[in-house]
Amino acid sequence: MKQPTENTIISLKDIFIKFDDEVILNHINLDIHDNEFVTILGPSGCGKTTTLRIIGGFVEPDSGDVFFGGRRINGTPPNKRNVNTVFQKYSLFPHLNVFENVAFGLRLKKLPKAEIKEKVTQMLAIVDLKGYEKRSISKLSGGQQQRVAIARALVCNPDVVLLDEPLGALDLKLRKSMQLELKEIQQKTGKTFIYVTHDQEEALTMSDRVVVMNNGVIEQTGTPEDIYNEPVNAFVADFIGEANILNGTMIDDCRVKILGKELECVDRGFGKNTPVDVVIRPEDIEITAPENGQLVGTVQKSTFKGVHYEMSVMCGRCELLIHSTRSAEIGSQIGMCVIPFNIQIMNKLLPFYNNVIEAEVTGCDRDKKTFDFELEGETVTASGRVFDVGTRVKITLPPDALSLAGDGVGDLKDVYIESVVYKGEHNEIILESDERKWLMLSDTDEQVATYVPLAFDFSKASFEVIGKPEEG
Ligand code: ATP
């Protein structure tokens with residue numbers, strides 16, 4: 001097993017956990033360094049809080065190891081880990097004043113009165129609450145209560161502070177100023193902060209490193225700049241900031257085809273004629289005269305946003321988002337250019353074409369022209385073709401043959417929506433059933449991390465017989 005590096009304070013190794021038969025963390029590995037501000041970012045339900053709770057000792061993983069300063073701490077209770085947690089609901093004691101709330105942990109440790117006074121005073125100065133010692137908790141604003149909660153977590157001198165969406169209850173303006181304050185407090189105290197949020201802007205503003213999670217796995221770890229400029233896949237690109245995410249083909253090293261045009265890029269090693277996802281940030285598209293553009297499109301919408309215009313431009317059937325300080329008339333044709341460095345190439349989220357079912361026919365109705373087969377424990381009836389019972393059939397469903405069905409209907413009753421990425425024309429949706437992933441196209445927005453019934457339109461499928469029924 002790889003040992004944590006010298007300044008690694010926390011190390012998660014191959015952490016796996018299931019709740020009610022559902023995989024919540026799927027073999028995650030993460031090293032967190034001393035003095036780092038690390039943010040775990042991801043959509044609701046992806047496993048962020050569970051990761052934090054495992055570090056805090058509130059939840060034990062089914063397998064995998066947690067190291068603290070190089071020592072394995074599985075089974076060590078929360079109060080024996082040098083970690084403190086700040087929850088979204090600050091859990092302050094309403095009957096105690098500010099001083100006593102902060103002093104609480106120190107009193108439990110039975111520290112001398114003078115030492116408690118010194119530590120609390122020092123901590124209240126750090127969180128900018130000097131002079132508020134005697135104030136009752138109920139007379140504090142949300143931001144002030146937040147700062148008391150942070151002071152209380154820091155006063156016992158933990159090596160690591162865990163913060164679970166601590167700014168979630170604050171209004172936007174206060175939230176923004178608290179983000180900067182939190183970062184400042186972290187720098188002043190030199191502690192390791194592990195922060196959980198689903199707000200990408202918050203993560204980019206505060207963190208030294210961002211850990212992007214989805215569906216129980218870590219998709220990418222890196223500095224905010226890395227994550228924004230070099231997303232590893234369409235999920236990360238879509239989740240972090242605004243992006244045009246397009247289907248493309250890597251023709252060869254440094255040549256990519258998107259929207260019917262071959263463009264120069266800087267990426268290599270994807271092979272020849274490989275389907276890829278291509279990311280172009282809205283601010284990286286330069287508007288030119290149509291005759292000078294690598295791409296040409298028609299302006300559909302233009303909104304002034306203070307510093308830039310936000311434009312929606314149709315390029316063939318694909319919608320592109322542009323942020324530009326130059327405006328263009330709605331309905332006019334414009335040219336668009338992107339320098340090679342600003343075209344990001346990524347592997348597709350689903351590396352192989354996935355919607356292929358290999359099944360044995362379990363029933364058939366020649367009059368209705370239907371046949372049945374078993375799929376992940378459910379009986380599915382396909383119409384339009386008929387095969388003898390016992391025939392093995394390979395069924396290929398194009399992504400537009402999949403749709404979400406109403407409650408109680410559908411060929412698969414409970415499928416998880418893993419990601420939804422807008423590709424300029426449709427949403428590309430990745431679904432997960434018990435045994436496989438599916439790729440679906442949809443014009444409507446679907447809610448990630450929810451369970452839905454999935455229906456197949458077999459009139460769009462292709463069928464191939466791969467085994468005949470046994471004779472006799
Ligand atoms: P959010 O941003 O909504 O808080 P999250 O990314 O922090 O989401 P978790 O709280 O880690 O997600 O939860 C991940 C999944 O595990 C969710 O589907 C949740 O319902 C489930 N879960 C969490 N704790 C338990 C538990 N004690 N028992 C059963 N299921 C649980």
Side-chain angles (χ1 to χ4, degrees), residues 10 12-30 32 37-64 66 74-75 77-78 81 83 85-91 146 149 160-170 172 175 178-179 182 193-207 209-221 227 233 235-236 238-240 413-420 429-434 437 445-453:
I10 286 175
L12 301 179
K13 297 282 179 208
D14 206 24
I15 299 290
F16 179 87
I17 188 166
K18 270 183 175 181
F19 287 133
D20 306 330
D21 259 4
E22 195 186 315
V23 176
I24 304 298
L25 294 177
N26 201 354
H27 299 284
I28 66 166
N29 289 288
L30 178 65
I32 292 169
F37 197 126
V38 174
T39 299
I40 304 176
L41 173 70
S44 183
C46 71
K48 306 179 293 290
T49 298
T50 305
T51 307
L52 208 66
R53 291 173 68 78
I54 286 175
I55 296 171
F58 302 103
V59 171
E60 276 299 311
D62 295 339
S63 64
V66 184
N74 294 51
R81 300 183 177 198
V83 167
T85 307
V86 180
F87 297 99
Q88 182 176 355
K89 297 191 180 81
Y90 323 127
S91 322
Q146 181 60 72
V160 176
V161 183
L162 308 178
L163 302 108
D164 192 356
E165 304 242 8
L167 308 183
L170 305 181
L172 188 66
R175 207 180 157 121
M178 276 305 294
Q179 288 170 6
L182 261 181
F193 274 32
I194 309 178
Y195 191 94
V196 158
T197 183
H198 59 266
D199 180 332
Q200 43 96 8
E201 198 193 324
E202 192 160 285
L204 296 183
T205 310
M206 291 193 295
S207 321
R209 226 154 37 103
V210 180
V211 177
V212 186
M213 287 188 70
N214 185 29
N215 199 22
V217 300
I218 294 176
E219 298 276 2
Q220 187 169 6
T221 305
I227 301 268
N233 59 35
F235 171 80
V236 178
D238 188 50
F239 200 71
I240 310 285
K413 300 281 180 295
D414 231 3
V415 172
Y416 183 80
I417 302 186
E418 185 179 298
S419 72
V420 178
I429 299 183
I430 294 183
L431 303 159
E432 191 179 3
S433 59
D434 285 349
K437 295 195 181 193
D445 277 336
E446 308 295 347
Q447 181 71 40
V448 286
T450 51
Y451 286 86
V452 287

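What you see is a predicted model, and the numbers here were worked out from it, not measured in a lab. Keep in mind that the numbers below use all heavy atoms, side chains included, and drop hydrogens, waters and symmetry copies. Residue indices begin at 1 and follow the sequence shown. Counting starts at 1 for both ligands and their atoms, in listed order.
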Given side chains that start at C-beta, do those of T50 and P61 come closer than 4.5 Å, heavy atoms only?
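They are not in contact (no side-chain heavy atoms under 4.5 Å apart), so the answer is no.
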Do L182 and M206 have side-chain heavy atoms sitting under 4.5 Å apart?
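L182 vs M206: side chains touch.
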Exceeds 12 heavy-atom contacts within 6.0 angstrom, atom CD of E60
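It does: E60 CD has more than 12 such atoms within range.
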Can you find a side-chain donor-acceptor pair between Y195 and E202 that sits under 3.5 Å?
yes
Using a cut-off of under 3.5 Å, which N/O atoms of ligand 1 pair up with protein N/O atoms, and what distance separates each pair?
{"from": "ligand 1", "atom 1": "2 (O)", "to": "K48", "atom 2": "NZ", "distance (Å)": "2.9"}
{"from": "ligand 1", "atom 1": "3 (O)", "to": "S44", "atom 2": "OG", "distance (Å)": "2.6"}
{"from": "ligand 1", "atom 1": "6 (O)", "to": "G45", "atom 2": "N", "distance (Å)": "3.4"}
{"from": "ligand 1", "atom 1": "6 (O)", "to": "C46", "atom 2": "N", "distance (Å)": "3.0"}
{"from": "ligand 1", "atom 1": "6 (O)", "to": "G47", "atom 2": "N", "distance (Å)": "3.0"}
{"from": "ligand 1", "atom 1": "6 (O)", "to": "K48", "atom 2": "N", "distance (Å)": "3.0"}
{"from": "ligand 1", "atom 1": "6 (O)", "to": "K48", "atom 2": "NZ", "distance (Å)": "3.0"}
{"from": "ligand 1", "atom 1": "7 (O)", "to": "T49", "atom 2": "N", "distance (Å)": "2.9"}
{"from": "ligand 1", "atom 1": "7 (O)", "to": "T49", "atom 2": "OG1", "distance (Å)": "2.7"}
{"from": "ligand 1", "atom 1": "8 (O)", "to": "G45", "atom 2": "N", "distance (Å)": "2.7"}
{"from": "ligand 1", "atom 1": "11 (O)", "to": "T49", "atom 2": "N", "distance (Å)": "3.4"}
{"from": "ligand 1", "atom 1": "11 (O)", "to": "T50", "atom 2": "N", "distance (Å)": "2.9"}
{"from": "ligand 1", "atom 1": "11 (O)", "to": "T50", "atom 2": "OG1", "distance (Å)": "2.5"}
{"from": "ligand 1", "atom 1": "12 (O)", "to": "G47", "atom 2": "N", "distance (Å)": "3.4"}

So, does N26 use its side chain to make a donor-acceptor pair with the main chain of N215 at under 3.5 Å?
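Such a contact is absent between N26 side chain and N215 backbone.
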Approximate separation, where rounding is to 0.5 Å, of I32 CD1 and R209 CZ
7.0 Å
